[in-house]
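Notes follow the structure.
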Amino acid sequence: MKTFILSILFATLLPAAPIEGYATVGMVSHHFGTDESGDAYNGHHDAYGAELVYDRHYTLAYLHFVNSRDKNTDIVAAGYRYEMYKGFGIYGVVGYQKGYCFDGLKSVECKEGRDNDGIAFMPMLYYRHDYFTLDFITQGTMIALKLNLKLF
């Protein structure tokens, strides 16, 4: 009973702010070059996921997609959206990912015996409309666009 009462008290102390829900329905990319073996990268990522946005700034997200090297990738992240001008802004996420190997901030081909999971940090630009958001991702050698449709 004490836990129930404390939960209600805690919930009432949170500032009343809207929570928005989004569904990720796709992601496309373009790479400037080829992979380590000279092949073209995957540009259509079969992405799906979900994102909750609290107070139009704080986010919790899950994303599954087939990465540029045709490997299944899962990311769970928390982030912050900072609007700069009329729906345009900066979006940064930090989380746990499985499916990529990294050399610094650059993704690389996973070698035999190398772990393909760890911390992910992704700075992005975004555009927020009443019914969707577009996240613009770049890594220097690629650009990507992720579409999120607003559910509530």
Report task. Applying side chain to side chain donor-acceptor pair (under 3.5 Å), run through N42 and S68 and close with a yes or a no. Result -> CA-CA 4 Å; N42 173 33; S68 300; over 6 Å; no
Is it the case that one hydrophobic cluster holds both [X] and [Y], taking links as side-chain heavy atoms less than 4.5 Å apart, direct or via other members?
{"X": "M124", "Y": "L63", "result": "yes"}
{"X": "Y48", "Y": "L151", "result": "no"}
{"X": "V76", "Y": "I119", "result": "no"}

Rounded distance [0.5 Å steps], [atom1] in [X] versus [atom2] in [Y]:
{"X": "T24", "Y": "L147", "atom1": "OG1", "atom2": "CG", "answer": "8.0 Å"}
{"X": "N148", "Y": "R128", "atom1": "CG", "atom2": "CZ", "answer": "10.5 Å"}
{"X": "Y100", "Y": "K71", "atom1": "OH", "atom2": "NZ", "answer": "11.5 Å"}
{"X": "I75", "Y": "Y62", "atom1": "CD1", "atom2": "OH", "answer": "10.0 Å"}

Query raised in the report: Sequence neighbours excluded, which residues qualify as side-chain hydrogen bond (donor to acceptor under 3.5 Å, both in side chains) partners of N67?
Result: T73
Query raised in the report: Taking only residues two or more places apart in sequence, or in another chain, which ones meet N116 in a side-chain hydrogen bond (donor to acceptor under 3.5 Å, both in side chains)?
Result: K98
Considering residues at least two apart in sequence or located in another chain, which fulfil the ring pair (Phe, Tyr, Trp, His ring centres under 6.0 Å) criterion with [X]?
{"X": "Y96", "answer": "none"}
{"X": "H57", "answer": "Y80"}
{"X": "Y82", "answer": "none"}
{"X": "F152", "answer": "none"}

Kindly give the heavy-atom pair with the smallest separation between [X] and [Y], and that separation in Å.
{"X": "L52", "Y": "G21", "answer": "CD2-CA, 4.1 Å"}
{"X": "A77", "Y": "V93", "answer": "CB-CB, 4.0 Å"}
{"X": "K86", "Y": "Y127", "answer": "O-CE1, 4.0 Å"}
{"X": "M27", "Y": "A47", "answer": "CB-CB, 3.8 Å"}

Query - Test side-chain contact (heavy atoms from CB on, under 4.5 Å) applied to A144 - qualifying residues, sequence neighbours left out - result: S29, I137, M142
Query - By side-chain contact (heavy atoms from CB on, under 4.5 Å) - contacts of F32 (at least two apart) - result: H30, I143
Report summary line: Residues pairing under salt bridge (Lys or Arg N to Asp or Glu O under 4.0 Å) where one sits in residues 39-64, two or more places apart or in two chains, turn out to be E20-R56, E51-R81
Query raised in the report: Which other residues end up in the same hydrophobic cluster as V53, if Ile, Leu, Val, Met, Phe, Trp and Tyr are linked when side-chain heavy atoms come under 4.5 Å apart?
Result: Y22
Requested in this report: Using only heavy-atom distances, determine whether the side chains of T59 and Y91 contain a donor-acceptor pair under 3.5 Å.
Outcome: yes
Report task. Consider only side-chain N and O atoms of H31 and T141, and report whether a donor and an acceptor are under 3.5 Å apart. Result -> no
Query raised in the report: Does the side chain of R69 come within less than 4.5 Å of Y41's, by heavy atoms?
Result: yes
Query raised in the report: For Y58, does the OH atom have more than 12 heavy-atom neighbours from other residues, nucleotides or ligands under 6.0 Å away?
Result: no
Query raised in the report: Is the number of heavy atoms from other residues, nucleotides or ligands under 6.0 Å of K150 NZ greater than 12?
Result: yes
Query raised in the report: Should L134 and K146 be marked as a side chain to side chain contact (heavy atoms under 4.5 Å, CB included) after you check the CA-CA gap, both sets of side-chain angles, and the distance that decides it?
Result: CA-CA 6 Å; L134 290 173; K146 182 169 68 91; over 6 Å; no
